[in-house]
Amino acid sequence: MAGILQLCATPIGNLGDMSPRIIECLQNADLIAAEDTRNSLKLLNHFGIHTPMTSYHEHNKVEKAGVLIRQLREGKNIALITDAGTPAISDPGEVLVKMCADEGIEVTSLPGPCACITALTLSGLDTRRFVFEGFLSRDKKERREALNRLENETRTVIIYEAPHHLKGTLEDLKENLACGGSRKIALCRELTKKFEEVIRTTIESALAKYEDEEPKGEYVLVIEGRSEDDLKAEMTAKWENMSIEDHVKMYEDTGLDRKEAMKKAAKDRGVSKRDIYAALQKDMP
Ligand code: SAM
């Protein structure tokens, strides 16, 4: 019988957050795959866990996933831990879980600390609808595309960031999000640690704060989504003077297919999709 891959969430800064169930799972696993074996050894020693460990990280994630899958097929139960928090969220665990899913290997998750959810709950912003972006890409083109997608996002946005990239990211957010400077932001740093801090401010004021202060520690940025009313008013002002063709194209340019774009245009104008279709046919050369 094949073994099970067990995703074990580990503390993001406070050892008291290690759950008894996860300690037991790590003790009983045949093997622990860890992102940073040296770091994890300290954690495992603290809890008296002496299970054999192997490394699974960003630079070996694809080949090593193959090795781990073979071991799972042979019946080994493997626990996966990453540097901190919930495996598979912005870390190489994602690749292993995908491969297990493709190969029909059972995966279970033992929940626990997760930086993005901890930050969201502390942000004081809307938590009902949110979007998690992980780290914004360092690749210029990918980053621009991500920022374009976020420009008019109405859900709360969560981003991971390293301290040395924080200022640059705040600048990009100010520049690229609609009403960027005045957007509310919660900068959640050193969560669950002694110097935990949640700075609730605006993107503009956050930039001013870090003008003469170096960001320190790990950050999660939680950003207020764009107001639905503002977005609607702006869209209405845009399409009111447009032809139906341009109105449909405006939505196509946001990534919608023609059918969806026609549906949106019809809704805006309070007419049926058939009316939009007929108008487009009439305008065709
Ligand atoms: N899988 C982890 C999780 O779900 O919590 C996240 C791993 S990701 C490689 C690391 C990022 O998580 C950091 O750069 C930071 O943005 C965020 N993070 C982790 N621990 C944190 C903490 N204690 N306080 C604030 N942010 C933290």
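Every number for a ligand or one of its atoms is a count from 1 in the order of the listing.
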Check: [X] N/O within less than 3.5 Å of ligand 1 N/O:
X: Phe135; value: no
X: Pro113; value: no
X: Thr82; value: no
X: Ala115; value: yes
X: Thr86; value: yes

Is the shortest distance from a heavy atom of [X] to ligand 1 less than 4.0 Å?
X: Cys116; result: no
X: Cys114; result: yes
X: Thr192; result: no
X: Asp91; result: yes

Query raised in the report: Should the proximity of Ala84 to ligand 1, defined as any heavy atom under 4.0 Å, be assigned to the side chain, the backbone, both, or neither?
Result: backbone

Query raised in the report: Where's the contact between Ala162 and ligand 1, heavy-atom distance under 4.0 Å: side chain, backbone, both or neither?
Result: neither

Query raised in the report: Heavy atoms, side chains only, cut-off 4.5 Å: are Leu147 and Asp172 in contact?
Result: yes

Requested in this report: State which residue, out of Leu120, Thr121, Leu122, fulfils the side chain to side chain contact (heavy atoms under 4.5 Å, CB included) condition with Thr127.
Outcome: Leu120

